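A quick write-up on the structure given underneath.
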Amino acid sequence: MGALLLLVLAVLAATGWYWSRYPGKWVYAFTSAYAQERAALRGCRRELGEVTRKARQAEKAAKEQADLAEADYRRGVRVLEQEIKELLEPGWGRLVKGPVGDITLYEHVVKVTGRSLAVIPLAGLKAVFRSDPTYMIDLTEPGGRTHRAKYPRRRDPDDQGAFFTSEQLSDFTLDILNAAADEHEFLAQRQTRLPQARQELKAARSDTEARDEALENLRAVCAWQKADPRRKELLAELDAERSRWQQLTGKMPPR
């Protein structure tokens, strides 16, 4: 019963839509006596619809090309802006190792916790592992300020807690020294790369040729479609058929 009701409603909706396309009395929309008039109106609509569909496709393709060119332009500028920002403000960088006791090693800094918190740039940093009288790592900044992290020795095999061997701490000290050497290379490369990246960014911002061409093409396509003589001709033919239908039925059909 439900399916039948849906079918009836669908038929009524289709009939109503069809009648709205050919308004007037029932006889004009559904009998064979006026089939020729309906065919003329339908033919004009079909031809105009085909031209309109092709115009929309052309405009859509031109817009997609313009959007792509704009996205490429913005992406090129954004990549260089991000690179320059990271060169100027590298921050801590990625985590390299840690925490090992009170020391955590990052790509550009060492973070020291414990009794005093410090974030130390790796540039020029010296690291020394000492084992007498206790395990410790001394971090000395270029200006001479030294930070010390102490590590208790395991006195008893049953001792619980975080204990590190001398080999582990010695290896970690070496990691810090190598990271400091990497930071030295990074700063040297930055001195060379930064002016280059700024020049590339300036050039990228001014290189709008591809974007401008795509945008101009979009404008040209839209202008042509708007002024297309064939579309105007078909529109006039359709309006003429609509007027004839109105004269016949007293009702103006839609386009």
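Computed from a predicted model, the values in this text were never measured in an experiment.
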I'd like to know whether [atom1] of [X] has more than 12 heavy-atom contacts from other residues, nucleotides or ligands below 6.0 angstrom.
X	atom1	value
K60	NZ	no
E209	CD	no
Q36	CD	no
R53	CZ	yes

To the nearest 0.5 Å, tell me how far [X] [atom1] sits from [Y] [atom2].
X	Y	atom1	atom2	result
L48	E237	CG	CD	9.5 Å
R193	Q189	CZ	CD	11.0 Å
H108	D182	NE2	CG	10.0 Å
T113	L117	OG1	CG	7.0 Å
Q225	E59	CD	CD	5.5 Å
L201	I84	CG	CD1	4.5 Å

Side-chain touch [X]/[Y], heavy atoms, less than 4.5 angstrom:
X	Y	answer
R211	E216	no
R205	E81	yes
T104	V110	no
P121	E183	no
L125	I176	yes

Taking atom types as modelled, is there a side-chain donor on T140 or T146 under 3.5 Å from an acceptor on the other?
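Yes, a side-chain donor-acceptor pair sits under 3.5 Å.
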
Can you see whether Q82 engages E86 through a side-chain donor-acceptor pair at a distance of less than 3.5 angstrom?
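Yes, E86 and Q82 have a side-chain donor paired with an acceptor closer than 3.5 Å.
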
With no hydrogens and no angle check, is any side-chain donor or acceptor of [X] less than 3.5 Å from a backbone partner on [Y]?
X	Y	result
S20	W17	yes
T165	Q168	yes
S170	S166	no
E107	R94	yes
R242	M252	no
Y34	L248	no

Does NZ or CZ of R45 fall inside the cone over Y22's six-membered ring, less than 6.0 Å from its centre and within 45° of the axis?
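Relative to the ring axis of Y22, which defines the angle, R45 lies inside both limits.
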
How close do [X] and [Y] get, counting heavy atoms only, and between which atoms?
X	Y	answer
V109	G91	CG1-O, 4.4 Å
T249	G24	CB-CA, 4.3 Å
L41	R21	CD2-O, 4.1 Å
A149	D102	CB-CB, 4.4 Å
A69	A214	CB-CB, 3.8 Å
E37	A33	OE1-O, 4.0 Å

Dump the intermediate steps for side chain to side chain contact (heavy atoms under 4.5 Å, CB included) on T134 and M136, then the final yes or no.
CA-CA 6 Å; T134 185; M136 62 187 74; 3.5 Å; yes

Mind running side chain to side chain contact (heavy atoms under 4.5 Å, CB included) on L139 and I103 for me, showing each step along the way?
CA-CA 10 Å; L139 303 174; I103 299 178; 3.9 Å; yes

With D138, the side-chain hydrogen bond (donor to acceptor under 3.5 Å, both in side chains) member among H147, K126, R148
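Among H147, K126, R148, the one meeting side-chain hydrogen bond (donor to acceptor under 3.5 Å, both in side chains) with D138 is R148.
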
Given side chain to side chain contact (heavy atoms under 4.5 Å, CB included), test V96 with D175 step by step and report yes or no.
CA-CA 9 Å; V96 177; D175 290 335; 5.6 Å; no

Show me, pair by pair, the donor-acceptor contacts under 3.5 angstrom made by side chains of residues 226-236, not counting sequence neighbours?
{"from": "D228", "atom 1": "OD1", "to": "R230", "atom 2": "N", "distance (Å)": "3.1"}
{"from": "R230", "atom 1": "NH1", "to": "E233", "atom 2": "OE2", "distance (Å)": "3.3"}
{"from": "R230", "atom 1": "NH2", "to": "E47", "atom 2": "OE1", "distance (Å)": "3.1"}

Are [X] and [Y] grouped together when hydrophobic residues (ILVMFWY) are joined by side-chain heavy atoms under 4.5 angstrom apart?
X	Y	result
L194	L187	yes
L95	L105	no
L122	V100	yes
Y135	F172	yes

Sole residue of K63, Q65, E70 in side-chain contact (heavy atoms from CB on, under 4.5 Å) with D67:
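Option passing the side-chain contact (heavy atoms from CB on, under 4.5 Å) with D67: K63.
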
Taking the inter-plane angle between the rings of Y151 and F164 on a 0 to 90° scale, is it parallel (under 30°), tilted (30 to 60°) or perpendicular (over 60°)?
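Aromatic pair Y151/F164 classed perpendicular.
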
Salt-bridge test for R46 and E50: reply yes if a basic N is under 4.0 Å from a carboxylate O, no otherwise.
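No.
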
Set out, in order, the CA-CA distance, both residues' side-chain angles and the distance that settles side chain to side chain contact (heavy atoms under 4.5 Å, CB included) for D171 and F129, then state yes or no.
CA-CA 9 Å; D171 288 345; F129 169 61; over 6 Å; no

